[in-house]
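Below is one structure, written out as structure tokens; the observations come after it.
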Amino acid sequence: MASNNQDLPEATVQNVLEQDTLKWVFVGGKGGVGKTTCSSILGILLSQFRSSVLIISTDPAHNLSDAFQQRFTKSPTLVNGFSNLYAMEIDPTVEKEDSVGSDGMDDFLSDLTNAIPGIDEAMSFAEMLKLVQTMDYSVIVFDTAPTGHTLRLLQFPATLEKGLAKVMSLKSRFGGVLSQMTRLLGVDEEFGEAAILGKLEGMKDIIEEVNRQFKDPDLTTFVCVCIPEFLSLYETERLVQELAKFEIDTHNIIINQVIFDEEVVESKLLKARMRMQQKYLDQFYMLYDDFNITKLPLLPQEVCGVEALKEFSHHFVTPYQPSLARGSVEELQNRVAALKEQLKDAEAELEKVQKGKQKM
């Protein structure tokens with residue numbers, strides 16, 4: 001099958017693994033393209049280069065536990081079979097519910113959340129970063145939620161600033177509720193409004209410092225995961241443009257679920273899918289000629305469990321090679337053998353049908 005990119009050197013994620021200054025690695029893209037599998041494998045590969053690696057899932061669906069077949073919580077947990085790879089799952093919605101202790105507080109947070117969409121997630125994210133910064137992980141991999149949620153995450157510093165301004169404007173309306181809030185936060189009542197504002201200011205300081213790190217290409221990179229289809233190509237382009245707007249480095253794209261033209265592919269459906277995929281693969285190479293593009297094969301089974309993840313990981317560092325090149329002697333012999341087998345089966349079925357008609 002003709003290809004405009006077949007002569008281009010195949011890229012891998014080796015550049016990410018060898019960049020020893022990286023502190024934050026984001027993995028994101030459209031829903032259902034394999035982000036969790038890719039972030040899990042990147043974590044496994046990085047653990048071979050770094051002293052300690054933490055994978056954080058910010059996707060409410062939390063597929064990280066499914067990928068490793070191990071239960072993770074909002075605290076870092078050592079991944080089975082590793083001595084330096086940890087994982088945790090955070091859920092901003094649950095965090096907010098856990099932190100509510102009174103009707104007054106419900107009203108306060110509800111008003112704040114309605115006034116500034118995303119403020120609850122921003123505060124939860126700031127608390128999580130505060131926790132992470134007290135730990136000494138060499139690199140942190142974010143398994144992010146689908147694209148829209150990821151872009152909101154990058155807007156959290158601005159969201160917190162709006163929240164801070166809103167608290168200032170609401171404080172006169174909430175009088176007594178503020179004292180309840182200070183008790184909930186474990187601060188003496190005498191500190192009152194200053195304590196609340198101080199806590200938000202502290203969160204803003206943390207998230208602004210992290211945001212500064214996110215914009216440093218030596219410290220942060222974003223790996224885009226996609227599949228060779230129109231919607232995923234469109235979503236990747238949108239993501240790359242937004243990342244450029246936020247000044248966040250991205251130079252790696254992983255194209256998952258690629259059907260390679262190999263061995264004996266006689267299925268009309270598979271051939272049609274390959275032609276469709278090739279059209280979008282060519283567009284990816286044309287649009288992102290300066291990116292490291294890694295192609296991963298579509299597998300007949302899911303990639304679940306540490307052993308399966310480790311086995312699949314070699315495709316991230318070694319370009320996929322079809323086991324037989326189309327047009328080679330071996331491949332042609334296999335096709336002839338398969339066709340003979342199909343002919344044999346068809347003749348047996350025909351004989352069976354003819355015998356059935358004779359009996360009737």
- Query: Quick one: salt bridge (Lys or Arg N to Asp or Glu O under 4.0 Å) pairs with a partner in residues 18-28, sequence neighbours left out?
  - Reply: none
Roughly how far, to the nearest 0.5 Å, is [atom2] of [Y] from [atom1] of [X]?
X	Y	atom1	atom2	value
Met286	Asp282	CE	CG	8.5 Å
Arg71	Leu64	CZ	CG	10.5 Å
Leu46	Ser51	CG	OG	11.0 Å
Leu343	Leu339	CG	CG	8.5 Å
Thr318	Gln14	OG1	CD	8.0 Å
Lys295	Tyr285	NZ	OH	4.0 Å

- Atom CD of Gln48: over 12 foreign heavy atoms under 6.0 Å: yes
- Message: Around atom CG of Asp289, are there more than 12 heavy atoms from other residues, nucleotides or ligands closer than 6.0 Å?
- Response: yes
Over all heavy atoms of both residues, which pair between [X] and [Y] is shortest? Give the atoms and the distance, please.
X	Y	value
Ala67	Thr36	CB-CG2, 4.0 Å
Met88	Leu54	SD-CD2, 4.0 Å
Gln257	Gln277	O-NE2, 3.0 Å
Lys30	Leu231	CE-CB, 3.8 Å
Leu22	Pro217	CD2-O, 4.3 Å
Lys35	Gly29	CD-N, 3.1 Å

- Query: Residues two or more places apart in sequence or in another chain: which of them pass side-chain contact (heavy atoms from CB on, under 4.5 Å) with Thr294?
  - Reply: Val13, Ile254, Leu296
- Message: If the condition is side-chain contact (heavy atoms from CB on, under 4.5 Å), which residues does Asn292 pass it with, not counting sequence neighbours?
- Response: Ala11, Asn15, His251, Asn252
- Message: Salt bridge or not between Glu242 and Arg238? Use side-chain N to carboxylate O under 4.0 Å.
- Response: no
- Query: With under 30° as parallel and over 60° as perpendicular, where do the rings of Phe230 and Tyr234 fit, or are they tilted in between?
  - Reply: parallel
- Task: Look at the rings of Phe260 and Tyr320 and say which category their plane angle falls in: under 30° parallel, 30 to 60° tilted, over 60° perpendicular.
- Result: tilted
Check whether any side-chain heavy atom of [X] sits under 4.5 Å from a side-chain heavy atom of [Y], and report yes or no.
X	Y	value
Phe68	Asn80	no
Lys271	Arg275	yes
Ile248	Phe26	no
Glu235	Cys226	no
Val33	Asn256	no

- Task: Under the ring pair (Phe, Tyr, Trp, His ring centres under 6.0 Å) rule, collect the residues that match up with Tyr280, sequence neighbours excluded.
- Result: none
- Message: The criterion is ring pair (Phe, Tyr, Trp, His ring centres under 6.0 Å); which residues satisfy it with Phe291, sequence neighbours excluded?
- Response: Tyr288
- Residues Thr250, Cys224; criterion side-chain contact (heavy atoms from CB on, under 4.5 Å); working and verdict: CA-CA 8 Å; Thr250 178; Cys224 302; 3.7 Å; yes
- Using the six-membered ring of Phe82, assess whether NZ or CZ of Lys310 lies under 6.0 Å from its centre and within 45 degrees of the ring axis. yes
Main-chain N/O of [Y] paired with [X] side-chain donor or acceptor, under 3.5 Å:
X	Y	value
Ser65	Phe72	yes
Thr77	Ser75	yes
Ser47	Val53	no
Ser232	Pro228	no
Ser52	Asn84	no
Gln283	Leu233	no

- Message: What verdict does the side-chain contact (heavy atoms from CB on, under 4.5 Å) test give for Glu229 and Arg273, after you've listed the backbone C-alpha separation in whole Å, the side-chain angles of each residue and the deciding distance to 0.1 Å?
- Response: CA-CA 10 Å; Glu229 293 182 8; Arg273 295 288 297 179; 2.8 Å; yes
- Query: Please walk me through it: do Val139 and Phe49 pass side-chain contact (heavy atoms from CB on, under 4.5 Å)?
  - Reply: CA-CA 10 Å; Val139 63; Phe49 289 78; over 6 Å; no
- Message: If hydrophobic clusters are built from ILVMFWY residues whose side chains come within less than 4.5 Å, do Phe222 and Leu219 share one?
- Response: no
- With Thr221 via side chain to side chain donor-acceptor pair (under 3.5 Å) - residues at least two apart: Asp249
